[in-house]
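Take a look at the structure set out below.
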Amino acid sequence: MPYARDPVVKITELTEENFKFTLENTDLSMANSMRRVFIAEVPTMAIDWVHLINNSTVLHDEFIAHRIGLIPLTSEEVVDKLHYSRDCVCTDFCPDCAVEFTLEVKCSDANNRSVTTKDLVSSNQQCVPVTSRPRESDSSDFGLSDDILIVKLRKGQEVKLKAYATKGFGKEHAKWIPTTGIAFEYDPDNALRHTTYPKPEEWPKSEHSELDEETSQAPYDHTGTPNKFYLTVESSGALKPETIVLTGLQVLRQKLSDLQLQLQHEMSQEALTIG
């Protein structure tokens, strides 16, 4: 392979929420492909089917269903064990392709009642709202605001529903995206001039800048090409950040393998046709 290169990866930070690393000796297209795969093609769990049995709140059924669907669910221990619902042999939902959730809250007090993710009851404790997962640190560090608000009830109002979470990925719907954001940067000193600053001296410098305080941007390099990339993967809590990266790389590798196989097949077919 005349254009084969040996990329170099260096991990700079790894926490429960963030994975920071640098990628060198590769092309911008490859680095951007990784970013896109991390966002759109790493499978997670999300609520995809909601049956409102009783809803006397101020929000209509579709509004509540949409809010519940966007709640991130812990998927680390369960997503690889389940089938996609479209591939399952069951007629509706079953434990092999879905996780059942129930919610039943009624306000009988004069004060308003907040319905949050704490009220969602899962049939599988490996798949729960990320705000309900066990925490390693002291629980006193977290406030009531950690639970995601679904709807508020006044006296006499009630909401009762049943829902199913299924396996999917971000290309299908944003609720399956495992990241809250991916920071992607190259050329921190703007030597390539891919970004034009009206007043470079007023623009904040990148944390990866190698310039001194008095220099706002590097001299223009008209022959330069991007070669070092800084990526930060921030997890929504559905998966560990390192799991997102490793799974994304597996997906990208499989896509490239399928492409190579298809090209070889077409080339062999073309050779037989010419012969």
(request) Considering non-hydrogen atoms only, spot the tightest contact between Leu231 and Leu23 and give its length. (result) CD1-CB, 4.4 Å
Scan the side chains in residues 82-89 for donor-acceptor partners under 3.5 Å anywhere in the protein, sequence neighbours excluded, and list what turns up.
| residue | atom | partner | partner atom | Å |
| --- | --- | --- | --- | --- |
| Arg86 | NH1 | Glu172 | OE2 | 3.0 |

(request) Answer yes or no: is there an ion pair linking Glu41 with Lys255, defined by an N-O contact shorter than 4.0 Å? (result) yes
(request) Using salt bridge (Lys or Arg N to Asp or Glu O under 4.0 Å) as the criterion, list what pairs up with Lys152, not counting sequence neighbours. (result) none
(request) To the nearest 0.5 Å, tell me how far Thr26 OG1 sits from Asp6 CG. (result) 10.0 Å
(request) Please collect all salt bridge (Lys or Arg N to Asp or Glu O under 4.0 Å) contacts where either partner lies in residues 21-39, sequence neighbours excluded, each pair once. (result) Arg5-Asp27
(message) Would the distance check show the side chain of Thr44 and the main-chain N or O of Ser75 forming a donor-acceptor pair, the cut-off being under 3.5 Å?
(response) no
(message) Please enumerate all residues that pass ring pair (Phe, Tyr, Trp, His ring centres under 6.0 Å) together with Phe93, with sequence neighbours excluded.
(response) Trp49, Tyr164
(message) According to side chain to side chain donor-acceptor pair (under 3.5 Å), who are the partners of Glu100, at least two apart in sequence or on a separate chain?
(response) none
(request) Could you check Lys228 against His208 for side-chain contact (heavy atoms from CB on, under 4.5 Å), going step by step and ending with a plain yes or no? (result) CA-CA 11 Å; Lys228 186 174 183 179; His208 308 295; over 6 Å; no
(request) Verify the distance criterion only: is there a donor paired with an acceptor across the side chains of Asp212 and Thr215 at less than 3.5 Å? (result) yes
(request) For atom CD of Glu210, decide whether the heavy atoms of other residues, nucleotides or ligands shown that lie under 6.0 angstrom number more than 12. (result) no
(message) If I compare all heavy atoms of Ser209 with all of Asp189, which pair ends up nearest, and what's the gap?
(response) OG-OD1, 2.6 Å
(message) Tell me if the aromatic rings of Trp176 and Phe169 count as close, with their centers under 6.0 Å from one another.
(response) no
(request) Could you tell me which residues satisfy ring pair (Phe, Tyr, Trp, His ring centres under 6.0 Å) with Phe38, sequence neighbours excluded, listed by chain and number? (result) none
(message) Do Thr179 and Val233 make a side-chain contact, defined as non-hydrogen atoms from C-beta onward lying under 4.5 Å apart?
(response) yes
(request) Provide the full list of side chain to side chain donor-acceptor pair (under 3.5 Å) pairs with a residue in residues 232-249, sequence neighbours left out, each pair given once. (result) Glu76-Thr243, Thr180-Glu234
(message) Going by the rule side chain to side chain donor-acceptor pair (under 3.5 Å), which residues pair with Glu158 if we only count those two or more places apart in sequence or in a different chain?
(response) Asn54
(request) Identify, with sequence neighbours excluded, every residue that meets ring pair (Phe, Tyr, Trp, His ring centres under 6.0 Å) alongside His265. (result) none
(request) In plain terms, say whether Arg193 and Asp221 are close enough for a salt bridge, that is, a side-chain N and a carboxylate O under 4.0 Å apart. (result) no
(message) Can you classify the ring geometry of Tyr220 versus His222 as parallel (below 30°), tilted (30 to 60°) or perpendicular (above 60°)?
(response) tilted
(message) Within the 4.5 Å heavy-atom criterion, are Leu239 and Val42 side-chain neighbours or not?
(response) yes
(message) Test of understanding: with side chain to side chain donor-acceptor pair (under 3.5 Å), list the residues that count as partners of Asn111, not counting sequence neighbours.
(response) none
(request) Determine the sole option in Ile68, Ile150, Asn55, Thr102 for which the side chain to side chain contact (heavy atoms under 4.5 Å, CB included) test with Leu161 is passed. (result) Ile68
(request) Please identify each residue that fulfils side chain to side chain donor-acceptor pair (under 3.5 Å) with Gln262, with sequence neighbours left out. (result) Glu266
(request) Measure from the ring center of His66 to the ring center of Phe63 and say whether it is less than 6.0 Å. (result) no
(request) May I ask you to say whether Arg253 pairs ionically with Asp258, meaning some side-chain N is under 4.0 Å from a carboxylate O? (result) no
(request) Return the set of residues passing ring pair (Phe, Tyr, Trp, His ring centres under 6.0 Å) with His194 (not counting sequence neighbours), or none when no residue passes. (result) Tyr186
(request) Apply the test side-chain contact (heavy atoms from CB on, under 4.5 Å) to residues Leu73 and Ile71: give CA-CA distance (whole Å), side-chain angles for both, the deciding distance (0.1 Å), then the verdict. (result) CA-CA 6 Å; Leu73 306 176; Ile71 295 172; 4.3 Å; yes
